[in-house]
Amino acid sequence: MNEKYDFEAIEQKWQQRWAERDQFRAAENPARPKYYVLEMLPYPSGALHIGHVRNYSLGDSVARLRRMQGFNVLHPIGWDAFGLPAENAAIKRGVLPEKWTLDNIVRMRTQCKRMGWSYDWAREVATCLPDYYRWNQWFFIQFFKKGLAYKRKGLVNWCEKCQTVLANEQVVNGACWRDGSQVIQQELEQWYWRITNYAQELLDDLSKLENWPEKVLTMQTNWIGRSEGARVSFQIADSDRSFDIFTTRVDTIHGATFVVLAPEHDLVKSWVNDPQYGPALTEFVDQMRRQDRLLRTSEEAEKKGVFTGQYAINPYTRERIPIWVANFVLMEYGTGAIMAVPAHDQRDFEFATRYNIPIRQVIQPSDGSAVDISKGAFVEYGTLINSDRFSGLTSEAALEKMVEYAQSQGFGEKTVSFRLKDWGISRQRYWGTPIPIIYCDKCGTVPVPEKDLPVVLPKIDRILLGGSPLATIADFVAVTCPNCGKPARRETDTMDTFVDSSWYFYRYTSPRVDSAPIDNQAVQYWFPVDIYIGGVEHAILHLIYMRFFSKAMRDIGLCALDEPVAALFTQGMVIKEGAKMSKSLGNVVEPDEIVREYGADALRLFIQFAAPPEGDLDWNEQGLEGCFRFLARLWRLAYRWIPRLEGVDQQADATADRRERALRRKIHQTIPKVGHDVERLHQNTAIAAIMELLNAAYEAEDQGGVRPAVMREALETMTLLLHPFAPHFAEEMWELLGHRETLWNTTWPQDDPELAREETIEIVIQINGKPRSRFLAPPDVSNEETEALALKDEKVKAALEGKKLIKVIVIPRRLVNVVVG
RNA sequence: GCGAAAGUGGCGGAACUGGCAGACGCGAUAGACUUAGGAUCUAUUGGGGAAACCCGUGGGGGUUCGAGUCCCCCCUUUCGCACCA
């Protein structure tokens with residue numbers, strides 16, 4: 001054994017052995033309980049960053065612990081390999097996306113192996129390979145057949161910088177989620193997936209996700225945005241046309257003094273030629289189209305609009321009210337049209353005030369108190385007034401009754417509106433999955449027959465810019481119609497890369513099946529994912545898409561899961577000096593450099609020790625050194641003892657010495673603590689507990705009188721407990737301690753509660769709630785004895801001098817509070 | 001504005017259902033070993049005080065024998081949502 005902790009040699013040695021033995025290979029085994037540990041797959045951007053290290057080290061410690069606890073562990077990894085950065089890098093550096101991506105994967109795979117994570121590399125998937133993306137295409141076709149995929153023209157989010165369309169989830173505060181640049185609205189024909197079919201189920205099933213963070217559930221609930229209300233049809237005056245509005249407050253409809261359409265509303269287009277109102281209307285609509293969405297939809301934005309010259313008939317009152325177009329009504333929510341009740345809606349109030357539109361109160365507080373409608377809207381529920389036959393009803397009752405009335409008269413109905421929109425999956429980029437559709441002049445839109453899959457992404461030899469790059473590849477576009485055999489054209493858009501990540505974790509269970517996307521038997525064995533670890537930034541992106549995907553997979557008869565992920569854990573960011581690491585700030589920590597200087601084990605240890613995993617972690621090199629020192633300190637202890645341990649069994653005899661018993665007690669207290677902490681992902685306190693155990697071993701050594709058998713037990717226990725965090729170190733130590741079997745196949749130590757039990761306990765004496773004294777007692781001391789012992793205490797006697805004993809509270813085995821007064 | 005989470009030594013952070021606040025690590029101080037130490041080991045390390053003691057978990061109230069933990073009000077930070085009809 002080397003006196004010095006030579007992390008480089010040790011880590012290399014074990015990585016090599018693990019690879020040679022193909023040690024982390026997983027296979028279905030019905031005899032053992034399974035455990036599926038999943039981490040969000042990385043985008044191959046070039047190199048692992050420290051956030052990956054945190055994410056994957058966390059997952060690895062869980063995988064290794066569960067394995068040692070007897071679970072059959074699946075711990076896979078892959079690459080989210082399609083996507084824009086590859087194309088952008090290609091444009092910037094002149095490397096083709098494919099080469100750039102595959103090179104990055106090679107480099108990052110090496111880095112992963114250098115970190116010692118226990119991945120089953122035989123299950124690795126890269127989403128940019130035809131073996132994988134052909135199933136994206138297969139899913140597309142199944143969805144198309146099932147009516148879950150459809151094409152329509154409509155307003156879409158267009159990112160100028162990315163030169164492509166984005167789904168709603170990918171627009172954050174009016175900006176592109178990836179680069180933060182402005183997103184504008186454009187009218188384009190796009191493919192959509194009908195995620196809204198599942199809106200209700202996606203919402204309802206959130207209640208099944210008991211082990212998901214509340215925060216994510218809330219974000220999803222808000223994103224789905226269910227609201228119950230009514231659809232009411234308004235006739236356009238002097239016309240046979242009508243339009244629908246959506247409202248959650250039909251009870252206020254007698255107070256509607258105007259209606260408002262979104263600038264993008266279809267009806268508006270037919271009015272722009274009006275000689276009197278057309279010009280202003282046209283200008284307003286154009287202005288809205290040009291305006292930044294973020295500005296337009298911000299609450300601070302002033303409410304602006306123009307009168308269309310048209311009137312609508314309120315079906316309840318038969319009253320003619322003006323139709324306006326205004327910035328604050330959004331085409332994408334509800335029906336893109338609202339009734340405006342300025343007395344009872346603040347937005348309508350502001351608008352009405354600005355344009356001198358009448359304000360009419362129709363609700364008053366049910367307690368009869370007065371409200372001043374001239375100062376602002378009264379938005380609460382109350383009692384209806386000025387509402388014809390509905391006057392006198394409460395809002396709650398009116399909501400029911402008035403919808404029934406509308407229904408009976410045929411001009412409205414009860415309806416539910418969702419904020420969630422269908423998922424726009426078309427992307428006008430090269431580096432993605434080709435959408436498997438063929439357009440034939442005769443047969444229309446025809447899916448590519450399954451036998452013709454995959455539609456291979458054509459190789460290119462130069463970078464393609466602008467539009468849909470595939471459209472410029474004549475060989476690709478030209479195709480014969482699978483129906484009629486006549487010349488036809490291929491769809492040239494590619495799929496959103498969130499499609500790839502929506503089901504990759506299914507593919508891991510059967511990565512090489514080539515007759516179907518998944519082997520249902522394998523899915524049945526491994527699913528659900530027991531723990532999914534990743535960043536919270538995907539709360540309403542990936543994490544909602546993949547839930548949708550599972551349900552859609554179920555409905556096309558592929559497997560039978562409602563929810564694929566049993567527990568989700570969102571880990572915090574790694575920051576430095578309080579700021580997010582970024583190249584522009586120059587505060588990026590390179591994992592490679594840390595590994596070179598301190599080793600992967602020290603890095604893994606530190607990144608899990610420095611902070612609880614759900615919070616942000618402030619990188620600090622000195623803390624890292626502390627973890628390195630801990631490993632070196634354990635190494636030295638072993639170095640001193642191992643020569644004396646040969647042939648010594650750890651359970652040689654019952655130990656009688658007080659000092660030995662103290663060390664063994666610490667050992668047997670630490671074992672359950674570490675296991676329990678890692679199960680809750682409290683790696684920081686688990687590691688602290690192992691450090692304490694090492695300190696106890698040093699203390700025991702220092703005091704003398706500890707025999708090798710006990711020191712062996714201490715060293716072996718620390719080694720086993722350390723394995724999830726510092727596996728190379730632990731494997732080496734385990735071997736030095738004389739074991740042949742890898743720790744991966746070794747069981748987690750069993751604690752002995754008998755040995756863990758304290759021989760004497762210290763009981764605190766409080767006087768009037770303040771700690772004043774303490775005494776030692778046997779652990780089985782009764783409450784009566786405890787009280788008696790406390791009352792004999794000198795401090796207690798002194799405190800009772802001239803005072804009265806009011807009461808004594810005994811907390812068994814912990815504390816006595818003597819109340820005097 | 002609405003909602004959620006958080007606020008504990010010089011620093012990162014511990015503290016299960018209310019029961020010794022500050023585990024563990026960093027940093028710091030002193031000593032030992034040493035030619036030397038940025039290595040290692042030992043000891044000390046929330047503040048005040050000579051001490052008995054007193055004060056301390058963002059601030060203010062409250063419940064309780066007892067509050068970092070529970071309740072009310074306020075402040076700050078972070079993160080979501082933000083004209084959603």
Side-chain angles (χ1 to χ4, degrees), chain A residues 4 172-173 213-216 218-219 221-223 225-227 229-230 245-249 252 259-260 262 294 296-303 326-330 332-341 344-348 350-351 417-419 536-537 539-540 572-573 605-606 609-612 614-627 629-630 632-633 636 673 676-677 680 682 684-695 698-699 702 762-774 806-821:
Chain A
K4 199 177 143 259
V172 181
N173 289 331
E214 203 54 48
K215 181 187 164 117
V216 173
T218 308
M219 285 170 77
T221 304
N222 291 340
W223 185 258
R226 181 185 198 273
S227 70
I245 61 108
F246 173 73
T247 179
T248 54
R249 292 298 302 272
T252 65
V259 296
V260 189
L294 186 57
R296 177 177 153 192
T297 58
S298 83
E299 208 166 356
E300 298 87 63
E302 247 187 308
K303 285 167 188 49
N327 60 348
F328 71 96
V329 175
L330 309 172
E332 56 271 29
Y333 186 75
T335 59
I338 62 160
M339 65 168 192
V341 185
H344 304 294
D345 182 288
Q346 190 55 30
R347 296 156 298 181
D348 300 348
E350 285 167 32
F351 193 85
S417 188
F418 290 96
R419 209 180 84 121
V536 75
E537 65 274 13
I540 48 167
M573 283 190 307
L605 205 55
F606 172 66
F609 173 70
E614 63 274 18
D616 286 349
L617 183 155
D618 204 343
W619 183 265
N620 167 348
E621 186 117 356
Q622 281 168 334
L624 172 70
E625 274 178 57
C627 285
R629 276 204 289 266
F630 160 69
R633 198 163 127 90
R636 286 192 301 272
K673 162 130 181 89
H676 182 240
D677 281 358
R680 295 184 307 160
H682 290 197
N684 54 333
T685 52
I687 294 166
I690 305 172
M691 289 173 168
E692 278 187 65
L693 178 53
L694 178 63
N695 291 343
Y698 261 70
E699 203 177 316
D702 209 42
E762 192 179 61
I763 292 175
V764 172
I765 300 176
Q766 291 186 340
I767 295 168
N768 290 341
K770 305 203 170 181
R772 279 293 173 270
S773 184
R774 56 196 59 208
I806 295 170
K807 67 166 150 177
V808 178
I809 289 136
V810 176
I811 305 300
R813 297 163 49 83
R814 280 182 174 271
L815 168 148
V816 183
N817 189 8
V818 182
V819 186
V820 301

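Because the structure is predicted, anything quoted here is derived from the model rather than measured. In what follows, every chain begins at residue 1, and chains take the letters A, B, ... in the order their sequences are listed.
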Run the side-chain contact (heavy atoms from CB on, under 4.5 Å) check on A:Lys673 and A:Thr685 step by step: do they pass?
-> CA-CA 9 Å; A:Lys673 162 130 181 89; A:Thr685 52; 4.1 Å; yes
In whole angstrom, give the distance that lies between atom [atom1] of [X] and atom [atom2] of [N].
X: A:Tyr333; N: B:C84; atom1: OH; atom2: C1'; value: 5 Å
X: A:Lys215; N: B:G3; atom1: NZ; atom2: C1'; value: 11 Å
X: A:Arg814; N: B:U17; atom1: CZ; atom2: C1'; value: 11 Å
X: A:Arg347; N: B:C83; atom1: CZ; atom2: P; value: 9 Å
X: A:Ile540; N: B:C81; atom1: CD1; atom2: C1'; value: 9 Å
X: A:Phe630; N: B:U40; atom1: CZ; atom2: P; value: 14 Å
X: A:Asn620; N: B:C24; atom1: CG; atom2: C1'; value: 15 Å
X: A:Glu621; N: B:G27; atom1: CD; atom2: P; value: 12 Å

For [N], take OP1 and OP2 only and decide whether either is under 4.0 Å from a side-chain N or O of [X].
X: A:Asn695; N: B:G25; value: yes
X: A:Ser417; N: B:A85; value: no
X: A:Arg249; N: B:C84; value: no
X: A:Lys770; N: B:C55; value: yes
X: A:Asn684; N: B:C24; value: no
X: A:Arg636; N: B:C41; value: yes
X: A:Lys807; N: B:C65; value: yes

Listed nucleotide nearest any side-chain atom of [X], set [options]:
X: A:Phe328; options: B:A15, B:C83, B:C41; answer: B:C83
X: A:Tyr698; options: B:C41, B:G13, B:G80; answer: B:C41
X: A:Met691; options: B:C20, B:C24, B:C65; answer: B:C24
X: A:Arg419; options: B:G13, B:C84, B:G19; answer: B:C84

Pairwise [atom1] distance, [M] and [N] [rounded to whole Å]:
N: B:C74; M: B:A4; atom1: P; answer: 14 Å
N: B:U64; M: B:G9; atom1: C1'; answer: 28 Å
N: B:U69; M: B:G58; atom1: C1'; answer: 16 Å
N: B:U76; M: B:A21; atom1: C1'; answer: 23 Å
N: B:G61; M: B:C75; atom1: C1'; answer: 15 Å
N: B:A23; M: B:U45; atom1: P; answer: 10 Å
N: B:C26; M: B:C20; atom1: C1'; answer: 25 Å
N: B:G10; M: B:C16; atom1: C1'; answer: 30 Å

Residue closer to the 5' end of RNA chain B, A:Gln622 versus A:Ala688 (nearest nucleotide) |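 It is A:Ala688, whose closest nucleotide lies nearer the 5' terminus.
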Which residue lies toward the 5' end of RNA chain B, A:Glu614 or A:Ile338, if each is placed at its nearest nucleotide?
->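 Going by which nucleotide is closer to the 5' end, it is A:Glu614.
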If you look at every strand shown and take non-hydrogen atoms under 4.0 Å, does [X] touch a base, only sugar-phosphate, or nothing?
X: A:Gly626; answer: sugar-phosphate
X: A:Arg629; answer: sugar-phosphate
X: A:Thr247; answer: sugar-phosphate
X: A:Glu762; answer: base
X: A:Phe606; answer: nothing
X: A:Arg226; answer: nothing
X: A:Asn817; answer: base
X: A:Val329; answer: base
X: A:Gln766; answer: base

Syn or anti for B:G9 (syn when the glycosidic angle lies within 90° of 0) = syn
If pairing requires Watson-Crick or G-U wobble contacts with both distances under 3.5 Å, which nucleotide is the partner of [N]?
N: B:A50; result: none
N: B:G68; result: none
N: B:G80; result: B:C2
N: B:A15; result: none
N: B:U35; result: none
N: B:U63; result: none
N: B:U44; result: B:A28

State the [atom1]-[atom2] distance between [X] and [Y], to the nearest 0.5 angstrom.
X: A:Glu614; Y: A:Lys215; atom1: CD; atom2: NZ; result: 12.0 Å
X: A:Asp345; Y: A:Glu350; atom1: CG; atom2: CD; result: 9.0 Å
X: A:Ile338; Y: A:Thr248; atom1: CD1; atom2: OG1; result: 10.5 Å
X: A:Ile690; Y: A:Asp677; atom1: CD1; atom2: CG; result: 9.5 Å
X: A:Ile765; Y: A:Asn817; atom1: CD1; atom2: CG; result: 10.5 Å
X: A:Glu621; Y: A:Leu624; atom1: CD; atom2: CG; result: 6.0 Å

With no angle test and no hydrogens, is the base of B:C83 tied to the side chain of A:Lys303 by a donor-acceptor pair under 3.5 Å?
-> yes
In sequence, state the C-alpha distance, the side-chain angles, and the governing distance for A:Ile687 and A:Phe606, and then conclude on side-chain contact (heavy atoms from CB on, under 4.5 Å).
-> CA-CA 9 Å; A:Ile687 294 166; A:Phe606 172 66; over 6 Å; no
Would a distance-only check, ignoring hydrogens and angles, find a side-chain to backbone donor-acceptor pair under 3.5 Å from A:Asp616 to A:Gly572?
-> no
Passing option when A:Ile763 is tested against A:Val810, A:Val816, A:Ile811 for side-chain contact (heavy atoms from CB on, under 4.5 Å) | A:Val816
